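Following: one structure in structure tokens, then a few remarks.
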There are 2 protein chains.
Amino acid sequence: MMAKNSSRPELSRDAIVERALEIGDAETLDAVTIRRLGQEFGVTPMALYWHVKNKDELLDAMGDALFAALVVEASDDEAWDVQLRAIVQGLVQALRRHPGSRELAYRRIMQCAVGLQLTERTLRLLRRAGFAPRQAADIAMHALQLAVMLVQSEPGAEAGWTEDDAATRIAEKRAAVEQLPADDFPYLRELAQYMFDCDDPDAFYDFNIDLFIAGARSTLTAGETAESPA
Amino acid sequence: MMAKNSSRPELSRDAIVERALEIGDAETLDAVTIRRLGQEFGVTPMALYWHVKNKDELLDAMGDALFAALVVEASDDEAWDVQLRAIVQGLVQALRRHPGSRELAYRRIMQCAVGLQLTERTLRLLRRAGFAPRQAADIAMHALQLAVMLVQSEPGAEAGWTEDDAATRIAEKRAAVEQLPADDFPYLRELAQYMFDCDDPDAFYDFNIDLFIAGARSTLTAGETAESPA
DNA sequence: ACCTGAACACCGTTCAAGT
DNA sequence: ACCTGAACACCGTTCAAGT
């Protein structure tokens, strides 16, 4: 019952998931391996199978863990568009915590408890705002997937490597664009700095979220004559 | 030089990529294996390394191939929002051809020739429409990523399995939602049919694309006083 | 130019067995 | 309840060698 080694935590499902996320961030998702994890815990690979059914279940658990840090900074009685923005922003903040495992969010967002609760809340606020059922469903899904998409495509945050390594990758991309024929790609060459380098990630997220909210808003006003709110 | 077996095509880079996409669609992306491909061509695994540097390059080539079928049904002198819609639609149509390999599109869209040309065209039309440089860059990226996102999240098109197998998976998901406590998830239960079953995929795509276009449109009019078009 | 044989260092997973 | 040993069927990849 006593800790055998203070630097080596007890083996448990949560500890495994946590360590897996760390490895994903420090290296890559395919560095996350049953055998590697066993090694990190000073245990044989097979020991993990007691705590986790198989690797797929581990990846699912990692995906679910991404949503654990979710906080939505808006109360139920604020305007629907304020709430919707807060939901997407909260999701983005949560997912950004583990860059290496961002792609796992896709398949778990409509599966895990937090994701379902968030979906419920989004549907509720959209229905109450006056969106038709079909619209509410589509916009809710769009909102959640948008958050995943933005995090996944944030310029200059491809794989979870060292920070200065990311800088070199960006430089490579920009260099590749510089080499394109100026006659055929004038605009791309002119705007390359904006596409690959992201000096201000928060501005990037804000702009794209606003774009989405504006679209939703105009959809609502356009359909208001045809549909009657519940 | 003569075909040794008419049912077994010559080994070549293109043939390998094509077969890999077929396997991805018929089964899953991780059924796509160097060894499996060698087997399908009646050749040892190592033979592939002559035509393809390594597996990563193969996956990249598969991703690039997704964009090969791209057609944008809009000419340069149509309104900018019509063109923008046609671009996203064209991309969606192209990516839908290989459901099993959709996830590969993400990392190649700004890398492959077709993707770069499409980006250039999008930037050009947005700049000419009057968007500021930063806005044009963000919206262009958003447009391209949106297409990938929609294809990846089309309800009821998760993995590239049999069509009736997809039906059972949808039924499972809906059943899971039915089991949720009615007090906590009234909206989700009410709208479950819209979220998981997609009776009309084209309508799904149209709605979401329109949502995006509407957002872009309102961004343009909002910023028109501040920015002067080129 | 194009392919094979043999070998290496990895995977995930099962299952009976230990404590 | 929790972990190990041994084994199995897979991977991707290299490299010298064949034709």
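Predicted model, so just to flag it, every value in this text is computed and none were measured. Lettering of chains follows the sequences in order, A, B, ..., and the numbering in each one begins at 1.
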Open item on the list: What is the distance, to the nearest angstrom, from the CZ atom on A:R36 to the C1' atom on C:dG12?
Closed with: 16 Å

- [ ] Name the closest nucleotide to the B:N54 side chain, picking from D:dA1, D:dT13, D:dT4.
- [x] D:dT13

- [ ] Check step by step if salt bridge (charged side-chain N to carboxylate O under 4.0 Å, His left out) holds for A:R102 and A:E154.
- [x] CA-CA 11 Å; A:R102 288 174 302 188; A:E154 178 189 333; 5.0 Å; no

Task: G-U wobble or Watson-Crick pairing nucleotide for C:dT13 (cut-off 3.5 Å, both distances) - done: D:dA7

Task: Euclidean distance, atom CD of residue A:Q39 to atom P of C:dA9 [Å, nearest integer] - done: 15 Å

TODO: Could you tell me whether the phosphate oxygens of C:dA1, OP1 or OP2, come under 4.0 Å of any side-chain nitrogen or oxygen in B:H51?
DONE: no

Task: Contact check, side chains of B:L29 and B:E103, non-hydrogen atoms, under 4.5 Å - done: yes

Task: Length of the CD-P vector between A:E10 and D:dC2, whole Å - done: 11 Å

- [ ] Nearest whole angstrom, please: distance from the P of C:dC11 to the CD1 of B:I34.
- [x] 18 Å

Open item on the list: Taking the minimum atom-to-atom distance to the side chain of B:W50, which one of C:dC2, D:dT4, C:dG12 wins?
Closed with: C:dC2

Task: Atom pair distance, as rounded to whole Å: NZ in B:K53 and C1' in D:dT14 - done: 14 Å

Open item on the list: Less than 4.5 Å apart, side chain to side chain, heavy atoms only: is that true for B:M149 and A:V148?
Closed with: no

Task: d(OH, B:Y49; P, D:dT14) in whole Å - done: 7 Å

- [ ] To the nearest Å, give me how far apart CZ (A:F41) and C1' (D:dT4) are.
- [x] 18 Å

- [ ] Verify the contact: side-chain N or O of B:T44 to OP1 or OP2 of C:dG5, cut-off strictly under 4.0 Å; return yes or no.
- [x] no

Task: Side chain of B:M46 (C-beta onward), nearest among C:dA1, C:dA6, D:dC11 - done: C:dA6

Task: B:K55 side-chain proximity, nearest of C:dT4, C:dC3, D:dG12 - done: D:dG12

Open item on the list: Using the side-chain heavy atoms of B:R35, tell me which of these nucleotides is nearest: C:dT4, C:dT13, D:dC11.
Closed with: D:dC11

Open item on the list: Distance check, rounded to the nearest 0.5 Å: B:R19 atom CZ versus B:E22 atom CD?
Closed with: 4.5 Å

Open item on the list: Tell me whether B:E73 at atom CD has more than 12 heavy atoms from other residues, nucleotides or ligands lying less than 6.0 Å away.
Closed with: no

Open item on the list: I need the CG-P distance between A:L48 and D:dA1, as an integer number of Å.
Closed with: 19 Å

